[in-house]
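Notes for the one structure printed next.
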Amino acid sequence: MTPYLSIESLSVSYGGTRVLDRVSLAVARGEMIALLGSSGCGKTTLLRSIAGFVIPDEGTIRVGGDDITRLPPEKRETAMMFQSYALWPHMTVAGNIAYGLKMRGWKSDRIATRVADMLKLLQLEGFTERRVTQLSGGQRQRVALGRALAVDPHLLLLDEPMSNLDYKVRVELRHELRALQRRIGITAVYVTHDREEALTLADRIAVIDAGRIVQLGTPEEIFHRPQSAFVAGFMGADNALDLVQAEGGVLVAAVAGTPAAERLRAHFRSDTAQLAMHAGGHAADALVLPGVVAQSVYVGHGYRYRVRTDDTEVWVQAPERIAEGTAANVVVPREALMLFPSRN
């Protein structure tokens, strides 16, 4: 693959703190990449570096083969959509979409045609003269996207643009944005801390931790085949415990004093385990953790239970109601365990 966007060994420091540490990333033309990570991991700094708002200490950024590392933002042919949308409240929908075109010196008839195209593309026809303060959150998000796309950017950069919307609107707009991006074929980089959003929107996901990309892959690869305990936990396999291999290859919980070299760090998702009231009836190689139901939470399609075992607590989902204080076994199929070296 010849990358359209190429980032090579990019480092950024704020004061004495390194925020990005030799980050490299290649993005194909027409691809949408999600930068996924927790607050402070460096994902927004990477996006702002691509946009030109942050100048790196070292490394290069190329778009279509051209080095843009030290170009000012207005020379980069990128468009950035911010978390706050940054719309002009005193302007109409049409005025906001047209703003970047006016700054580029477009003639009024050409601007009118382009604005009409954007309104049709984003299903905002009939809103031309409405002020953005009179719009819903989802409509404002569309206006901000229209303003970004109107200038026909080489790259579309999105910084958590849906984080302020309610869940229902967020889910609807994810699918709209993904369909739109595929239809127009624009290359996009999307920053989010929401794994569901990343899985829904992206062709590939770059998981970032402490200023480094710790795994890059398709949504399926990141979700089902995490390469580290960190990625497994971040992608929802947040049950974690230390195991050792007993006789016959069976995995059991590690006990105090077991050397670190003999331990395995295991992660599993709550919906891959089962609660069993009685011993037996499970595969011979399954992990079995005796415990007590410490907490019960109703989640609509069943219950989520916090189970206290000998030296840890794990979460398990089950369809039936089980009283708190009930003794139960947590049974995890061997194939549901994600195993890593203890120090990973």
Side-chain angles (χ1 to χ4, degrees), residues 1-10 20 22-37 42-56 59-82 97 100-101 104 106 114 117-118 120-122 141-142 144-162 173-192 197-208 213 215-223:
M1 175 189 81
T2 301
Y4 183 64
L5 167 64
S6 176
I7 299 168
E8 299 174 8
S9 301
L10 203 73
L20 292 179
R22 299 184 297 278
V23 169
S24 295
L25 179 65
V27 183
R29 185 187 293 271
E31 185 178 28
M32 180 178 277
I33 289 280
L35 306 180
L36 177 65
K43 59 187 186 296
T44 295
T45 299
L46 179 55
L47 193 77
R48 291 175 66 84
S49 297
I50 300 169
F53 299 125
V54 173
I55 301 300
T60 58
I61 303 171
R62 291 185 175 88
V63 176
D66 297 327
D67 189 341
I68 66 166
T69 312
R70 302 197 176 276
L71 289 180
E74 64 273 14
K75 300 289 186 182
R76 296 192 178 212
E77 298 294 336
T78 63
M80 189 159 177
M81 188 172 167
F82 298 92
I97 294 175
L101 304 175
R104 285 165 171 77
W106 284 34
R114 185 63 170 165
D117 289 343
M118 288 296 104
K120 183 177 180 180
L121 182 69
L122 298 165
Q141 197 256 11
R142 289 191 181 94
L145 182 58
R147 182 182 59 187
L149 292 173
V151 299
D152 197 20
H154 292 166
L155 288 175
L156 177 62
L157 309 175
L158 304 108
D159 187 11
E160 304 200 56
M162 301 188 197
L173 288 178
R174 282 177 196 163
H175 297 292
E176 287 183 19
L177 176 59
R178 183 57 168 150
L180 176 64
Q181 183 265 336
R182 283 179 167 170
R183 189 161 71 247
I184 64 179
I186 193 169
T187 309
V189 182
Y190 192 106
V191 161
T192 182
E197 196 163 86
L199 291 168
T200 303
L201 283 167
D203 294 299
R204 289 187 298 155
I205 298 170
V207 182
I208 300 179
I213 294 177
Q215 188 170 349
L216 174 65
T218 65
E220 294 84 358
E221 289 169 344
I222 298 292
F223 188 81

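- In this structure a side-chain-to-backbone donor-acceptor pair under 3.5 Å is missing from Arg182 to Leu177.
- What you find for Ile97 and Gly146 is that their closest heavy atoms are CG2-O, 4.0 Å.
- At a threshold of 4.5 Å between non-hydrogen side-chain atoms, the residues Ile186 and Pro153 count as touching.
- A side-chain contact (heavy atoms from CB on, under 4.5 Å) with Tyr190 is found for exactly one of Leu158, Ile33, Leu156, Leu157, namely Leu158.
- The shortest distance between side-chain heavy atoms of Arg62 and Glu8 falls below 4.5 Å.
- Residues Glu197 and Met162 approach most closely at OE2-CB, 3.7 Å, considering heavy atoms.
- Thr69 places a side-chain N or O within donor-acceptor distance of the main-chain N or O of Ile61, the cut-off being under 3.5 Å.
- With hydrogens and angles disregarded, a donor-acceptor distance shorter than 3.5 Å links the side chain of Thr187 to the backbone of Gly30.
- In this structure, the side chains of Phe82 and Pro161 stay at 4.5 Å or more apart for every pair of heavy atoms.
- Summarising the geometry, atom CD belonging to Glu160 is positioned 10.5 Å from atom CG belonging to Leu35; distances are rounded to the nearest 0.5 Å.
- In this structure, the side chain of Lys43 engages the main chain of Gly37 through a donor-acceptor pair within 3.5 Å.
- A salt bridge is defined here as a Lys NZ or Arg NE, NH1 or NH2 lying under 4.0 Å from an Asp or Glu carboxylate O, and Arg178 with Asp203 meets this definition.
- Of all heavy-atom pairs spanning Ser49 and Leu10, the tightest one is CB-CD2, 3.9 Å.
- Within the 4.5 Å cutoff, no side-chain heavy atoms of His154 are placed close to those of Leu5.
- Two residues are said to be in side-chain contact when any heavy atoms from C-beta on lie closer than 4.5 Å; Ile68 and Lys75 fail this criterion.
- Using a distance-only test at 3.5 Å, with no hydrogens or angles considered, no donor-acceptor pair links the side chain of Ser9 to the main chain of Arg22.
- Annotation: side chain of Glu77 is not in contact with side chain of Val63 (no heavy-atom distance under 4.5 Å).
- In this structure, Tyr4 and Glu31 have side chains that are not in contact, with every pair of non-hydrogen atoms separated by 4.5 Å or more.
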The test is side-chain contact (heavy atoms from CB on, under 4.5 Å); show your working for Leu149 and Ile184 and say whether it passes. CA-CA 10 Å; Leu149 292 173; Ile184 64 179; 3.8 Å; yes
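- Within the model, atoms CE of Met80 and CZ of Arg147 stand 11.5 Å from one another, a figure rounded to the nearest 0.5 Å.
- Of all heavy-atom pairs between Ala144 and Met81, the closest is CB-CE, 3.9 Å.
- How far CG of Leu71 is from CG of Asp66: 8.5 Å, rounded to the nearest 0.5 Å.
- Atom CG of Asp159 is separated from atom OG1 of Thr44 by 4.0 Å, given to the nearest 0.5 angstrom.
- Smallest separation of non-hydrogen atoms from Leu201 and Met32: O-SD, 3.4 Å.
- In this structure a side-chain-to-backbone donor-acceptor pair under 3.5 Å is present from Arg76 to Ile50.
- For the pair Glu221 and Thr218, the minimum side-chain heavy-atom distance is below 4.5 Å.
- Within the model, atoms CD1 of Ile7 and CG of Leu25 stand 5.0 Å from one another, a figure rounded to the nearest 0.5 Å.
- Rounded to the nearest 0.5 angstrom, Glu176 CD and Arg183 CZ are separated by 9.5 Å.
- Closest approach of Ile222 and Ile205 over heavy atoms only: CD1-O, 3.9 Å.
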